[in-house]
Amino acid sequence: MSLPAGPWGAWATGLRLRPSGEARDAVAALEEMGVSAVWMTGGTGDPFDRITALLDATSTVTVATGILSIWEMTPAQLAARLAGLPAEGRARFLLGLGVSHQQLVERRTAGRYDKPLTRMREFLDGLDRTQAPGARRPERVLAALGPQMLDLAAERAAGAHPYLTTPAHTRTARGRLGDAFLAPTQMALLLSDPDRARQAARRYLAPYLSQPNYRNSWLREGFTAGDLADGGSDRLVDALVAWGDPAQVVRRAGAHLDAGADHVCIQLLDPAGSWSDHAIPLDAWRELAGALTT
């Protein structure tokens, strides 16, 4: 397993949730555009059939989970699936793990979401016990927002993969991680009209504004309860979603690199869509790709 070789990655829920053929075509196109990694949500259940399909459709990019919930598989199940990846694909796969959210985890089992930091430690312990003595531990990153999870990412993983954060959070995370790998995600829209951009951004942010993990993270960053109300203030929306022409979006994403990130996972959004569509806007990606290489 390997970390991405370059500064830019593509993050898309559709790589996991759209039909397999569409996802394979999209990931091959993204590889041709020059991104060094593609990141897909883990979704529910075992994602490894889709991981294998994306590895088969590409030859150079890192394929990463952003993230696989620790509540979806046991450490033994995960270790078996990792071992079953073809050697070439395994060398290009990066495991991203996270604790997800109480609302999502407890849809099936009430009360299951308990002590998430402890559960992550226990999961990593279980995963490490599956390794042969003396074997090199596969690379992995943790979805980390708060200080304790960031510390755990530095201690027990290759680094962190924060979601819905700002360059200010990236700077703080770099301070806690030391030299560990840091790959935040940046939502983005190729829209230059402020009203249209904010309207579209709010459609994508809607399901996250009620999640305690994110709310607590934003409050730690200095946003107020008022910023989080009524679909999010302009201040919050503009901080979380980069919008504008390709050059403006790249400058905004690049602020994470300036703040200490090693790699930025750009989640390019469809201006006409919403969080439930899982579209992969390849035409917009082609516009953006030219700015990424300049």
Side-chain angles (χ1 to χ4, degrees), residues 9 11 13 39-42 64-72 94-106 113-124 140-188 201 204-225 227-228 232-233 235-242 252-253 255-257 259-267 275:
W11 197 105
T13 59
W39 298 74
M40 69 170 213
T41 180
T65 52
I67 50 81
L68 174 61
S69 168
I70 62 170
W71 312 96
E72 294 297 329
L94 176 61
L95 175 65
L97 293 170
V99 296
S100 189
H101 303 279
Q102 183 172 8
Q103 179 183 350
L104 301 178
V105 173
E106 295 192 353
Y113 194 86
D114 176 54
K115 299 180 179 178
L117 182 68
T118 298
R119 298 294 170 257
M120 176 61 86
R121 285 187 181 276
E122 293 172 346
F123 192 92
L124 296 175
R140 61 198 183 201
V141 294
L142 305 186
L145 296 174
Q148 291 180 301
M149 194 65 80
L150 285 165
D151 290 347
L152 185 63
E155 174 193 350
R156 300 289 304 277
H161 174 47
Y163 188 70
L164 281 177
T165 56
T166 67
H169 181 279
T170 295
R171 188 171 293 106
T172 299
R174 173 50 68 207
R176 298 199 75 95
L177 289 170
D179 294 332
F181 181 73
L182 179 56
T185 300
Q186 177 65 66
M187 281 189 178
Y204 285 94
L205 291 173
Y208 303 105
L209 291 173
S210 62
Q211 299 292 352
N213 297 17
Y214 293 122
R215 293 177 66 88
N216 291 336
S217 175
W218 298 327
L219 292 172
R220 280 193 299 268
E221 287 195 53
F223 294 100
T224 67
D227 286 317
L228 277 54
S233 67
R235 174 180 175 236
L236 179 71
V237 169
D238 290 351
L240 296 177
V241 182
R252 281 285 311 278
H256 287 282
L257 299 174
D262 300 290
H263 177 87
V264 181
C265 319
I266 298 176
Q267 183 183 3
W275 64 271

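This chain uses plain numbering: 1 for the first residue, then up along the sequence.
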* Asked: How far does CG of Leu145 sit from CG of Leu164, to the nearest 0.5 angstrom?
  -> 8.5 Å

* Examine distances only and state if a side-chain atom of Arg176 and a backbone atom of Gln148 form a donor-acceptor pair shorter than 3.5 Å. => no

* Asked: Could you state the interatomic distance from CZ (Phe223) to CG (Leu240), rounded to the nearest 0.5 Å?
  -> 6.0 Å

* **Euclidean distance, Glu122 CD relative to Ile70 CD1, rounded to 0.5 Å** => 8.5 Å

* Enter the distance from Thr224:OG1 to Arg235:CZ here, rounded to the nearest 0.5 Å. => 6.5 Å

* Is Ser100 close to Glu72 at the side-chain level, that is, under 4.5 Å between some pair of heavy atoms? -> no

* Asked: Taking Arg215 for the side chain and Ala225 for the main chain, is one N or O donor matched with an acceptor at less than 3.5 Å?
  -> no

* Side-chain (His161) to main-chain (Ala183) donor-acceptor, under 3.5 angstrom -> yes

* Structure fact -> Output for pair (Ser210 OG, Leu205 CG), nearest 0.5 Å, gives 11.5 Å

* Asked: Which distance, rounded to the nearest 0.5 Å, do you find between the CZ of Phe123 and the CG of Leu142?
  -> 10.5 Å

* Asked: Is any side-chain heavy atom of Arg121 less than 4.5 Å from a side-chain heavy atom of Lys115?
  -> no

* Please check if the side chain of Thr65 supplies one atom and the backbone of Leu95 the other of a donor-acceptor pair under 3.5 Å. => no

* Asked: Is the backbone of Thr165 close enough, under 3.5 Å, to the side chain of Gln186 for a donor and an acceptor to pair up by distance?
  -> no

* Would you say Trp218 and Leu236 make side-chain contact, with heavy atoms under 4.5 Å? -> yes

* Less than 4.5 Å apart, any side-chain heavy atom of Arg140 and any of Leu124? -> yes

* Is any side-chain heavy atom of Trp11 closer than 4.5 Å to a side-chain heavy atom of Thr13? -> yes

* Would you mind reporting whether Met120 and Leu97 have side-chain heavy atoms less than 4.5 Å apart? => yes

* Relative to each other, are the rings of His263 and Trp39 parallel, tilted or perpendicular (30° and 60° limits)? -> tilted

* Do Pro162 and Leu182 come close enough that some side-chain heavy atom pair is under 4.5 Å? -> yes

